[in-house]
Amino acid sequence: MILAPKISKGFFKNIKDEQIQQCGFDLTVKEIYKIDGEGQIDFTNEKRTLPRYEKIFDSEFDEKIKLNRGVYIIKVNEYIKIPKDVAAFVYPRSSLLRMGSTLYSAVHDPGYEGKPEYLLNVFNSITIYRYARICQIVFVKCEGVEKLYNGIYKGR
């Protein structure tokens with residue numbers, strides 16, 4: 001069951017009424033990074049290493065940025081704290097898709113909190129302005145959750 005915004009609004013530290021949608025909330029761009037180098041991933045996470053990220057845009061200081069074809073990391077402005085009986089899914093806004101770009105996300109598990117990062121894939125050039133609404137987060141009720149998220153990205 002999707003949780004209506006009147007229920008899930010309390011999962012944010014900083015959300016504006018203009019970001020409320022029918023089934024969720026629009027998330028806004030805080031920072032954009034270019035991916036530089038190679039990452040590693042394994043079964044136990046012992047060998048996990050992230051590639052370097054080079055910050056190329058910050059909504060606090062920059063008005064806009066033109067992105068050419070490629071993949072980028074987007075960090076959103078909103079701080080989210082997901083309760084123990086809720087998970088969240090993130091989808092690109094339809095306007096982003098119509099511009100030839102999309103956004104990828106992993107599941108936000110119960111217990112996750114922080115300012116999430118997503119992968120932006122630009123198939124066509126696009127200009128992104130300060131605090132642009134880029135994606136929508138939808139919260140769903142979970143039953144039978146036995147453990148909460150406690151990974152390295154918690155609180156980041």
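If you're wondering where the values come from, they're calculated on a predicted model, not measured in any experiment.
Linking Ile, Leu, Val, Met, Phe, Trp and Tyr residues whenever their side-chain heavy atoms come within less than 4.5 Å places Tyr118 and Ile126 in a single cluster. Hydrophobic clustering, with ILVMFWY side chains joined whenever heavy atoms are under 4.5 angstrom apart, groups Ile82 together with Ile20. Cluster membership for Met1 and Phe25, using ILVMFWY side-chain heavy atoms within less than 4.5 angstrom, is shared. Under a hydrophobic-cluster definition in which Ile, Leu, Val, Met, Phe, Trp and Tyr are linked whenever side-chain heavy atoms come within less than 4.5 Å, directly or via other members, Ile74 and Ile56 are assigned to the same cluster. A single hydrophobic cluster is not seen to contain both Val138 and Ile134; linkage of ILVMFWY side chains at heavy-atom distances under 4.5 Å, directly or through other members, places them apart.
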Which donor-acceptor pairs under 3.5 Å do side chains of residues 31-39 form with protein atoms, sequence neighbours excluded?
from: Glu31; atom 1: OE1; to: Tyr33; atom 2: OH; distance (Å): 2.3
from: Glu31; atom 1: OE2; to: Lys55; atom 2: NZ; distance (Å): 3.3
from: Asp36; atom 1: OD2; to: Arg52; atom 2: NH2; distance (Å): 3.4

Do any side-chain atoms of residues 86-107 form donor-acceptor pairs under 3.5 angstrom with protein atoms, and if so which ones, sequence neighbours left out?
from: Arg93; atom 1: NH1; to: Arg133; atom 2: O; distance (Å): 3.4
from: Ser94; atom 1: OG; to: Arg98; atom 2: NH1; distance (Å): 2.9

Please output the side-chain donor-acceptor pairs of residues 5-15 that fall under 3.5 Å, not counting sequence neighbours, one pair per line with the distance.
from: Ser8; atom 1: OG; to: Ala4; atom 2: O; distance (Å): 3.3
from: Lys9; atom 1: NZ; to: Asp17; atom 2: OD1; distance (Å): 2.8
from: Asn14; atom 1: OD1; to: Tyr79; atom 2: N; distance (Å): 3.1
from: Asn14; atom 1: ND2; to: Asn77; atom 2: O; distance (Å): 3.2

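Under the 3.5 Å distance criterion, the side-chain polar atoms of Glu78 are matched with a main-chain donor or acceptor of Thr28.
Between Pro116 and His108, some side-chain heavy-atom pair lies under the 4.5 Å cut-off. In this structure the side chain of Leu120 reaches within 4.5 angstrom of the side chain of Leu67, judged on heavy atoms. Two residues are said to be in side-chain contact when any heavy atoms from C-beta on lie closer than 4.5 Å; Lys115 and Ile80 fail this criterion. Asp85 is listed as a side-chain neighbour of Lys141, based on a closest heavy-atom distance under 4.5 Å.
When all heavy atoms are compared, the tightest approach of Asn68 to Tyr72 is O-OH, 2.9 Å. Of all heavy-atom pairs spanning Tyr53 and Glu117, the tightest one is CE1-OE1, 3.6 Å.
A salt bridge links Asp58 with Lys30: the closest approach of a Lys/Arg side-chain nitrogen to an acidic carboxylate oxygen falls below 4.0 angstrom.
Between the side chains of Asp42 and Thr44, at least one donor N or O sits under 3.5 Å from an acceptor N or O.
To the nearest 0.5 Å, atoms NZ (Lys64) and CZ (Phe57) are separated by 10.5 Å.
No more than 12 heavy-atom neighbours from other residues, nucleotides or ligands sit within 6.0 angstrom of OH on Tyr129.
With respect to Asp26, the side chain to side chain contact (heavy atoms under 4.5 Å, CB included) criterion is satisfied by exactly one of Gln21, Glu18, Lys16: Gln21.
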